[in-house]
Amino acid sequence: MSGLLIWAAHFFALYMVASLFPGAALANGLAFAVTVVSLAVAGWLLWVTTRPVEAEPNDVLKRWITTLAAAGNALAFVAIVYQTVPTVLL
Amino acid sequence: MFSGWPPPILDPAGPYASAISTLSWILFAMAALVLAVVLAALYVALFGRLELQRKLGGKRVIWFGGIAFPLVVLTGLLIYGLSLTRHLTDPITGDELRVRITGEMWWWRVAYLDNEGREVVHDANELHIPAGRPIVLELQSADVIHSFWVPRLSGKLDMVPGRRNLMRIQADRPGVFGGQCAEYCGGPHALMGFTVIAHEPGAFQRLMQSRLNRRRAPAPPAAVAGAQLFEAAGCAACHRIAGTRANGLAGPDLTHVGSRRTLGAGILPNNRGTMMGWIGNSQAIKPNNRMPPYTLLSSDQLTALATYLEAQK
Amino acid sequence: MTSETGFDPRLLERFPTAEARPDSEVDDLNRIWAAPRGWRMVTIVNNNYVGIWYVAAAFLFFLLAGVLALAIRTQLALPLLGVLPQETYNQFFTMHGTLMMFLFAVPIMEAIGVLLLPQMLAARDLPFPRLSAYAFWAYFIGGLCFFASIFVGLAPNGGWFMYPPLTSMTYSPGINADFWLLGIGFIEISAIAGAIEILVGILKTRAPGMTLARMPLFAWAMLVFAGMILIAFPAVILGTLLLELERALNWPFFDSTRGGDPLLWQHLFWFFGHPEVYIIFLPAAGLVSMMVSSLAKTELVGYQLIVLAFLATGFISFGVWAHHMFTTGMPMLSVGFFSAASMAVSIPAGIQVFSWIATLAIGKPVFNTPTLFVIGGLVTFVIGGLTGVMVAMVPFDWQVHDTHFIVAHLHYVLIGGAVFPVFAAFYYWFGMTSRRALSERLGKWIFWLMFAGMHLTFLPMHLTGLMGMPRRVYTYLPGMDWEWTNLLSTAGAFTLAAGVALFLFDIARRFRFTVEDDAGNVYGGGTLEWLPTGLYSSRSIPVVRSRSPLWDNPALSGEVEQGRHFLPNSATGLRETLITSPIRAEPQYLQIMMGPSVWPLLGAVFTAGFFLLLTVQAYTPAIICLPLAILAILRWLWDTDRPVQQAQVDVGAGVMLPTYVTGPSSHGWWAIVCVLVVAFMIFLMAVFGYLFVYGIHPEYWVSPGGQWWALPIVASWAASAVLVLYGWRLLGRDGSSTWSPTAAILFACGFAVTAIAADWFSWRAQGLDPELTAQGAFSHALLALQAQLVAVVVLMGGYLAARTARGLVTRPSNTTFDVVSLFLLYTAAQGSAMALLLRFFPGIG
């Protein structure tokens with residue numbers, strides 16, 4: 001769930017930035033900075049969760065959960081990118 | 001006035017509405033395409049040949065159909081939609097003609113502003129604009145939330161108490177465009193219409209000039225009785241007619257009521273009969289509106305009032 | 001193999017045991033789980049009964065709301081009809097939306113959860129059966145009284161979204177709006193109670209071996225559903241509370257003339273309102289995922305992706321609320337974010353749709369009634385989703401927002417995404433609770449009538465919207481070209497109603513309630529709810545080794561029936577179920593469950609009485625109801641948390657489990673944590689409101705002064721917290737008197753009261769008037785919230801003292817003690833945060 005949590009944090013950070021500085025160019029810049037950080041974290045998580053799990057090759061459940069987390073991270077990555085499109089275009 | 005066919009959203013009369021109309025068609029095409037893909041897949045899944053079904057029955061289909069395909073479509077749409085949003089909300093430069101429109105339960109107060117932002121001409125339920133140039137509307141509310149919407153000219157924007165929302169509309173050519181309140185505002189919300197009339201720029205200038213320089217013309221003889229009755233019956237407590245002692249602000253300004261196309265906020269054509277009916281018992285026409293019925297007035301009195309109001313051009 | 005709890009997974013290999021167990025144990029189970037008869041049936045708490053009552057009640061509200069819809073459609077069939085006068089129409093459409101969303105859609109999902117989950121997870125019952133009963137009764141009584149307001153013309157008329165200022169005292173002086181605020185606020189509390197029950201049930205009472213990766217998808221969906229309710233519903237509870245305070249006490253939260261802001265309500269409402277749509281959709285998607293697999297007779301393709309989709313939907317749905325507010329003039333950048341999130345949320349939906357299609361493709365679906373409803377729902381939902389993507393495009397939304405296009409869109413989503421799946425589920429699971437299955441022949445008629453009716457109603461309605469017809473209009477003028485599409489819609493509505501009426505007829509004909517000799521697994525499902533069951537669910541609790549255990553092990557039913565799995569008997573002679581760990585479902589302990597009781601019912605009656613009497617301004621009876629409700633609830637709790645004689649029992653095959661566990665692995669601990677999450681969300685929303693109105697109208701704000709007051713207040717809270725921790729330690733230490741830990745808690749309560757009293761007096765001294773500005777209103781509202789917590793804390797202290805006096809507090813640890821302590825700690829934390837925020841946020845002056 002970590003990836004999705006980062007999406008949530010990113011989203012609310014963006015929302016706050018946009019509400020606090022309506023219409024300011026500063027808002028776009030700040031939002032962009034938040035995004036870069038979030039993407040870095042999400043990317044790192046993606047890398048961690050997609051590394052092959054060697055310790056417990058037999059633990060089916062653990063593998064299952066790790067794959068789920070990886071997919072979640074990937075999705076969060078896309079969602080964060082989406083979330084940033086407005087800062088570039090608006 | 002308002003007509004539903006062709007659908008006003010798809011029959012734009014100005015640049016703002018027409019950009020959205022184009023977007024609408026693109027969206028319809030997108031929806032049709034995606035629906036066709038899903039239905040085709042569903043058809044194959046249920047009735048298709050076995051080898052096709054095999055191909056469809058795997059995780060790859062989810063990755064392709066459920067993730068990649070929507071991702072491409074959505075990304076395209078998102079970029080297009082947001083660019084359009086930006087284009088439609090370009091910063092307001094400030095030298096446009098400004099009109100302040102206030103939503104009231106259940107009609108619209110209209111005030112044309114001069115360059116300093118002072119209200120110079122008052123009207124209600126009807127907006128005159130010059131064709132071919134953008135007009136900025138200052139939208140606000142006197143009571144509850146309303147929403148201003150003239151679909152052939154632009155999308156809608158809410159009128160929120162305590163806030164002032166700015167909106168731009170533009171008509172390319174002269175014409176008459178219907179609008180209505182789009183946010184539920186209680187009671188007769190259904191009967192809260194609006195009319196925008198676009199003129200040739202010259203004609204608009206002349207209209208505004210005449211209203212700005214309006215001197216109270218001596219009432220035509222037929223209207224004298226009505227003028228007296230207007231004060232005697234208490235109309236003036238709520239309505240204003242510039243240049244007379246009638247100065248009420250609760251109800252619509254009647255200075256130009258004779259020239260309006262509609263009565264009761266866009267619900268009746270404006271003629272002597274409907275005017276008499278409205279004054280006599282507007283509650284039967286638009287239940288729960290704020291104007292009390294005047295059933296005690298005789299038909300002669302109603303005629304006199306209607307004649308007087310007709311003269312207020 | 002790894003373990004989560006230290007439980008040796010090899011113990012699971014002992015099952016099924018070699019020998020069948022004696023039949024006398026089944027008689028014991030039957031006796032222990034027997035339901036009271038006659039008028040005592042109202043004291044039943046077993047999920048088989050409560051579940052079916054719950055479903056029936058929710059369906060009743062569906063029918064009532066449907067009748068309102070027919071009246072609405074009749075009125076709109078032609079211009080200027082007089083079937084419903086303006087005021088009646090406004091009440092009808094408000095009630096239609098409110099009933100469908102609050103009294104049908106969410107409750108029916110909870111109801112299906114209460115009915116199906118224990119069987120699906122092979123638990124004997126949900127972990128808090130009396131809480132389910134309370135939630136049901138509160139909902140049923142509250143809902144009926146709420147609905148009755150329409151017969152006396154006092155039904156709310158401000159729309160199901162209740163936007164102020166239209167719903168403020170100035171513009172809605174009648175008590176209609178209060179019915180909505182108090183009625184719905186109360187029903188939300190019942191929904192939260194149900195959600196806690198479901199969440200803890202799914203995480204803690206699964207059959208051994210049913211790891212997260214083997215859980216039925218409905219359980220996954222309900223898990224996300226319950227989590228979302230805990231996060232989303234507090235927003236609307238706070239909103240209704242603030243609006244009611246504004247109406248009753250003239251505190252201006254939403255009044256822009258005194259520094260409030262009407263848009264705050266919209267934020268609070270839609271922060272709940274949009275997740276609500278997914279709260280409705282997810283359980284239905286869970287049901288569909290299970291049915292698709294059974295009906296196509298194959299494992300679901302992409303189980304893991306669907307789980308991902310559920311989780312992602314749960315998260316992203318909290319980032320889309322403001323797409324209901326694109327036309328309010330929000331800053332463009334925010335609008336852009338919400339637009340992007342609204343589009344992103346359709347990706348999980350795409351995953352689900354294609355997973356179902358892929359499953360249908362490799363399977364061999366038979367065209368029976370549930371299949372038809374599933375496919376019909378899928379097609380309908382896809383169309384609704386596509387129009388949803390359209391309205392996520394901001395400029396397009398500017399045009400169609402609040403028109404009939406949206407009405408069409410939302411009905412496509414909700415009928416396709418929830419109603420058709422629920423009807424499919426009615427057919428599919430009907431055999432579980434009825435002696436006779438529903439008619440397939442009539443079923444096809446019903447489906448086609450409903451499907452055709454639905455599309456006939458709502459497909460033309462898209463065009464009505466594009467033609468400019470706004471929503472929530474009680475009539476329209478002739479000459480607007482809206483007649484023919486409206487007429488089509490009305491015809492469609494009656495076709496749809498005919499389908500539903502036929503369904504009712506078939507139910508009346510075929511439904512014979514039973515638990516034992518039911519019609520059974522008509523559609524060949526492979527999950528545990530199709531094990532042979534009694535009121536105690538399955539005779540023994542099977543070890544789960546795959547996602548469709550009945551398909552993978554056809555002998556399982558027999559094994560379970562012969563008692564060759566876990567808990568083939570009642571080990572303690574009481575109602576009990578197996579508590580397992582949340583991830584790997586390893587057996588942890590045996591929970592003793594509560595039996596029938598009249599107290600949940602009485603508690604619900606008095607709670608409903610309190611809220612409803614408050615609405616009709618009968619203050620004295622209302623005030624009398626409140627302590628009665630509290631007493632009833634405490635009385636029901638009094639029976640709980642009673643350890644039994646045997647500390648360890650054999651739950652089958654020699655596996656020994658404790659019968660009493662405290663601390664983080666106990667179900668009570670989980671429940672109180674859920675309650676605290678709700679409390680925290682309410683607080684968070686209040687803080688959001690506080691900051692939000694400050695951001696809109698800072699000119700109304702002053703520095704409150706007297707910052708030094710924060711010091712004694714926070715110190716009191718800290719003392720309270722320290723005492724709680726000390727009490728905890730005392731409880732674990734032998735030798736001290738029984739009373740000393742409780743005394744520590746009581747002193748902690750005392751400090752809590754001191755803190756809130758000091759806070760209160762300091763505000764009185766400052767003279768910040770709650771009626772004058774939004775700042776005053778919010779400060780007092782936050783104080784009131786905190787005072788509410790303190791009141792609960794004091795009650796809890798008294799309750800704990802009473803239990804101590806009766807020697808019910810066990811050592812070295814005790815669940816009641818834990819619950820009270822956690823609650824106190826949270827109260828102290830929130831109190832300190834609030835004291836600091838109110839004094840320092842607007843600036844020191």
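Note that these values count all heavy atoms, side chains included, but never hydrogens, waters or copies made by symmetry. Labels below follow one simple rule: chain letters A, B, ... track the order of the sequence lines, proteins then strands, and each chain is numbered from 1.
For a residue to count as touching a neighbouring chain, one of its non-hydrogen atoms must lie under 4.5 Å from one of that chain's; by this rule D11(B) does not touch chain C. Only the side chain of D261(C) comes within less than 4.5 Å of a heavy atom in chain B; its backbone stays farther off. The contact between F367(C) and chain B is made entirely by side chain atoms (from C-beta outward), counting heavy-atom distances below 4.5 Å. Within the 4.5 angstrom heavy-atom criterion, no atom of E483(C) approaches chain B. Both the backbone and the side chain of L360(C) come within contact range of chain B, with heavy atoms under 4.5 Å apart. Contacts of T170(C) with chain B are absent, with no heavy-atom separation under 4.5 Å from either backbone or side chain. Looking at T328(C), the atoms closer than 4.5 Å to chain B (heavy atoms on both sides) sit in the backbone and in the side chain alike. Both the backbone and the side chain of W5(B) come within contact range of chain C, judged by heavy atoms closer than 4.5 Å. With a 4.5 angstrom heavy-atom cutoff, F161(C) touches chain B only via side-chain atoms. Using a 4.5 Å cut-off between heavy atoms, P164(C) contacts chain B through its backbone alone, with no side-chain atom that close.
Two residues are said to be in side-chain contact when any heavy atoms from C-beta on lie closer than 4.5 Å; Q180(B) and P470(C) meet this criterion. The shortest distance between side-chain heavy atoms of L191(B) and Y474(C) falls below 4.5 Å. Using a 4.5 Å heavy-atom cutoff, the side chains of R163(B) and I696(C) are in contact. Taking the side chain as every heavy atom from C-beta outward, F405(C) and I9(B) never approach each other to under 4.5 Å. Put simply, the side chain of Y163(C) does not reach to within 4.5 Å of the side chain of V144(B), judged on heavy atoms. In this structure the side chain of I145(B) never reaches within 4.5 angstrom of the side chain of L166(C), judged on heavy atoms. Looking at V61(B) and I357(C), their side chains never come closer than 4.5 Å, going by heavy atoms from C-beta outward. Side-chain contact check for L386(C) versus M30(B): some heavy-atom pair is nearer than 4.5 Å.
For the options P6(B), G65(B), G162(B), A31(B), heavy-atom pairs under 4.5 Å to chain C are most numerous at G65(B). For the set H401(C), M469(C), R471(C), the entry with the most heavy-atom pairs within less than 4.5 Å of chain B is H401(C). Ranked by non-hydrogen atom pairs under 4.5 Å with chain B, the options A361(C), S256(C), G350(C) are led by A361(C). Ranked by heavy-atom pairs under 4.5 Å with chain C, the list L10(B), I26(B), I267(B) is led by I267(B). Of the listed residues (G179(B), P151(B), P70(B)), the one with the most heavy-atom contacts under 4.5 Å to chain C is P151(B).
Only one option out of L88(B), T85(B), L82(B) pairs with M332(C) in a side chain to side chain contact (heavy atoms under 4.5 Å, CB included); it is T85(B).
Taking the side chain to side chain contact (heavy atoms under 4.5 Å, CB included) definition, one finds that A40(B) meets it with nothing, sequence neighbours left out.
Aromatic ring pairs are classed by plane angle as parallel below 30°, tilted from 30° to 60° and perpendicular above 60°; the pair Y184(B) and F93(C) is perpendicular.
With no hydrogens or angles considered, no side-chain donor-acceptor pair links N288(B) and E87(C) at under 3.5 Å.
The structure places CG of L42(B) at 9.5 Å from CZ of F354(C), a figure rounded to the nearest 0.5 Å.
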**Prompt:** Given the rule in the side chain to side chain contact (heavy atoms under 4.5 Å, CB included) test, do S147(B) and D402(C) qualify, once you have shown the distances and angles that lead to the verdict?
**Reply:** CA-CA 9 Å; S147(B) 189; D402(C) 271 336; 5.6 Å; no
